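Everything below concerns the one structure shown next.
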Amino acid sequence: MEGHQRNLYLYDRFNARVAGVSRNEPTTLAYWAEDLNLTFPLFSNTVGHAGIWFGALKEGYPMFSRTTVVIDKWGIIRYMKSGSPDFHEILTLLKQLHEEEEEKG
């Protein structure tokens with residue numbers, strides 16, 4: 001989350017937005033966001049539907065595994081990777097998507 005916060009200005013250059021999803025309650029997320037100085041939204045998904053849909057919720061494990069997902073403006077998943085985010089990969093993809101959009105006019 002802190003890495004995404006540091007890169008917000010770069011994401012903004014490519015018209016990208018960041019959001020976090022967690023199984024924690026909204027109050028917990030508010031404290032966590034404040035503690036980490038996060039300025040992007042964190043969404044509470046206590047039931048876990050988002051985690052199931054993205055494959056980030058493993059059976060028998062109560063929390064999401066860390067997964068980074070990039071969804072384009074048409075709702076198509078363009079990138080999904082488990083583990084800590086690879087910011088170079090993410091920024092390269094965002095640049096590519098931005099260039100594709102500019103070519104379309």
Side-chain angles (χ1 to χ4, degrees):
M1 291 297 173
E2 293 159 306
H4 289 303
Q5 182 66 43
R6 280 191 303 275
N7 286 322
L8 282 181
Y9 76 101
L10 295 170
Y11 298 153
D12 193 48
R13 288 184 184 176
F14 300 119
N15 200 29
R17 302 297 173 261
V18 174
V21 179
S22 172
R23 291 199 68 183
N24 289 310
E25 297 289 335
T27 304
T28 302
L29 293 179
Y31 285 118
W32 190 46
E34 183 179 339
D35 185 56
L36 296 177
N37 296 314
L38 302 179
T39 59
F40 55 87
L42 299 178
F43 298 103
S44 175
N45 183 229
T46 57
V47 176
H49 294 302
I52 293 167
W53 195 67
F54 288 117
L57 184 61
K58 308 300 181 202
E59 190 173 330
Y61 188 72
M63 302 305 288
F64 294 151
S65 61
R66 182 171 294 169
T67 303
T68 301
V69 181
V70 175
I71 304 170
D72 70 18
K73 71 180 196 176
W74 297 278
I76 299 169
I77 296 173
R78 301 291 296 259
Y79 175 93
M80 187 173 351
K81 187 172 185 179
S82 294
S84 294
D86 183 324
F87 297 110
H88 183 265
E89 282 182 4
I90 294 166
L91 291 167
T92 299
L93 174 66
L94 292 175
K95 181 180 178 189
Q96 175 190 342
L97 293 173
H98 184 74
E99 289 171 353
E100 288 174 10
E101 187 61 28
E102 285 184 338
E103 287 176 9
K104 291 178 184 179

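For clarity, every value in this text was computed on a predicted model and none was experimentally measured.
Under the 4.5 Å side-chain criterion, counting only non-hydrogen atoms from C-beta, Q5 is not in contact with L36. Residues L42 and M1 form a side-chain contact, since some pair of their non-hydrogen atoms from C-beta on lies under 4.5 Å apart. Within the 4.5 Å cutoff, side-chain heavy atoms of R17 are placed close to those of D12. Considering only heavy atoms from C-beta on, I90 comes within 4.5 Å of Y79 through its side chain.
Between H4 and Y11, the two ring planes are tilted [angle within 30° to 60°].
Heavy-atom minimum distance, W74 versus K104: CH2-NZ, 4.0 Å. Contact record, H98 with R13: CE1-O, 4.0 Å, taken as the closest heavy-atom pair. The two residues V18 and P41 make their nearest non-hydrogen contact at O-CD, 3.4 Å.
Hydrophobic clustering (ILVMFWY, side-chain heavy atoms < 4.5 Å, transitive): F87 and L10 are in one cluster. A continuous path of hydrophobic side-chain contacts links L94 to Y9 [ILVMFWY only; heavy atoms under 4.5 Å].
Residue R78 holds its CZ atom at 12.0 Å from CD1 of I71, rounded to the nearest 0.5 Å. In this structure, the separation between CD on E101 and NZ on K73 is 3.5 Å, given to the nearest 0.5 Å. Rounding to the nearest 0.5 Å gives a distance of 11.0 Å between CG of D86 and CG of L93.
Shown here is E34, whose CD atom has no more than 12 heavy atoms of other residues, nucleotides or ligands within 6.0 Å.
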Do L8 and F40 pass the side-chain contact (heavy atoms from CB on, under 4.5 Å) test, and can you show the C-alpha distance, the side-chain angles, and the key distance before you say yes or no? CA-CA 9 Å; L8 282 181; F40 55 87; 4.0 Å; yes

